[in-house]
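Values reported hereafter were calculated over all heavy atoms of this structure, with side chains retained and with hydrogens, waters and symmetry mates removed. The chains referred to below are lettered A, B, ... by the order of the sequence lines, with proteins before strands, and numbering in each begins at 1.
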Amino acid sequence: MNYQTFFQNRPTTEIAQDLLGRMLTYHGIGGLIVEAEAYLGKKDFAAHSYNGRRSPANEGLYCEGGHLYIYAQRQYFFFDIATQEKDVPEGILVRAIEPKIGIEAMIKNRSGKTGPLLTNGPAKMMQALGVTSRKWDLANLADSPFEIDLAHKIIPREIIAAPRIGIKQADSYWAKAPLRFYVAGNPYISDMKKKNIQENNGWVLTK
DNA sequence: GCGGGGATGTACT
DNA sequence: GTACATCCCCGCA
């Protein structure tokens, strides 16, 4: 399966859940995706493409499935992947990974931080991977140093759907919509409490 | 372990 | 000038 097929032809919420447990790498370092949020186009009040808003800054959302939307807020970067066909501005924000490959490099990129602090948030994850620019914004995933393993995945014991983080419009339907998906009990989820961490980090045990 | 607040870049009014 | 799909540090427990 290629990226375009994976990121099209089914609802964005379904794609977001299918990303959990897959390996994401950048120049060969990375880990398993454990948390992702869906943003659902023109009707989604919380999305950058709300009401058809479109400019060079958010053009990535309008690209066809499998292209990157990398964007800066304050001094931090966010990693999104566009879904659906061209001109349909839906996408998925990858919020957190469980580090697996190149952990030493990630610790260095995060100036000595270890454990969940390495990657349990979108900007932390980008720092750990060493992404410090929007260079790959609008690129096709297949032509970028980013890689997602579509051939293998680890199965979460349970996927939780919850409201997205950092959405301020508290009175809006969209602020509360359960469009954030994560692996129950995984320590690398944003704001995960220690007591809620589950055996095997929430993955189904494999022989 | 928690809660509050400041730092800070970019796009848009 | 203002609003943000955030992070970190600092108090106080």
(message) Quick test of the criterion, 5.5 Å between centres and less than 30° between planes. Is A/Y39 stacked on C/dA5 or not?
(response) yes
(message) What is the distance, to the nearest angstrom, from the CZ atom on A/R53 to the P atom on B/dT13?
(response) 7 Å
(request) Specify the separation, in whole Å, of atom CD of A/Q75 and atom P of B/dT10. (result) 10 Å
(request) Hunt down the Watson-Crick or G-U wobble partner of B/dG6, both distances under 3.5 Å, from any strand shown, or write none. (result) C/dC7
(message) Measuring to OP1 and OP2 of B/dC12, would you say a side-chain N or O of A/R54 lies under 4.0 angstrom away?
(response) no
(request) Give a yes-or-no answer on whether the side chains of A/H48 and A/Y69 include a donor-acceptor pair shorter than 3.5 Å. (result) yes
(request) Would you kindly give the CG-to-P distance between A/L61 and B/dA11, to the nearest whole Å? (result) 14 Å
(message) What is the separation between atom CZ on A/R74 and atom C1' on B/dA11, rounded to the nearest whole Å?
(response) 13 Å
(request) State which of B/dT10, C/dT6, C/dC8 makes the closest approach to the side chain of A/Q127. (result) C/dC8
(message) Distance check needed: C/dC9 C1' versus A/K124 NZ, whole Å only.
(response) 13 Å
(request) Identify whether any heavy atom of A/P56 sits under 4.0 Å from a base atom; if not, whether one sits that close to sugar-phosphate; answer base, sugar-phosphate or nothing. (result) nothing
(message) Given C/dT6, B/dT10, C/dA5, identify the nucleotide with an atom nearest to the side chain of A/R134.
(response) B/dT10
(request) Check whether any side-chain N or O of A/R110 sits under 4.0 Å from OP1 or OP2 of C/dC8, and answer yes or no. (result) yes
(request) Can you tell me the distance, in whole Å, between the CG atom of A/N196 and the P atom of B/dG1? (result) 13 Å
(message) How many whole angstroms separate atom CG of A/L40 from atom P of C/dA5?
(response) 15 Å
(message) Determine whether a donor-acceptor pair (N or O, by modelled atom type, separation under 3.5 Å) exists between the side chain of A/Q198 and the backbone of A/P187.
(response) no
(request) Tell me what A/R180 touches on the nucleic acid: a base, only sugar-phosphate, or nothing, going by heavy atoms under 4.0 Å. (result) nothing
(message) Salt bridge or not between A/D80 and A/R95? Use side-chain N to carboxylate O under 4.0 Å.
(response) no
(message) For A/E35 and A/S190, which I'm curious about, is there any donor-acceptor pair between the side chains at under 3.5 Å?
(response) yes
(message) Under a 3.5 Å distance rule, please check whether A/S49 uses its side chain to pair with a backbone N or O of A/P89 as donor and acceptor.
(response) yes
(request) Determine the contact category for A/E37: base if any of its heavy atoms lies under 4.0 Å from a base atom, sugar-phosphate if only primed atoms, P, OP1 or OP2 are that close, otherwise nothing. (result) nothing
(message) Reading DNA chain B from 5' onward, which residue's closest nucleotide shows up sooner: A/K194 or A/N58?
(response) A/K194
(message) How many whole angstroms separate atom CD1 of A/I197 from atom P of B/dG1?
(response) 11 Å
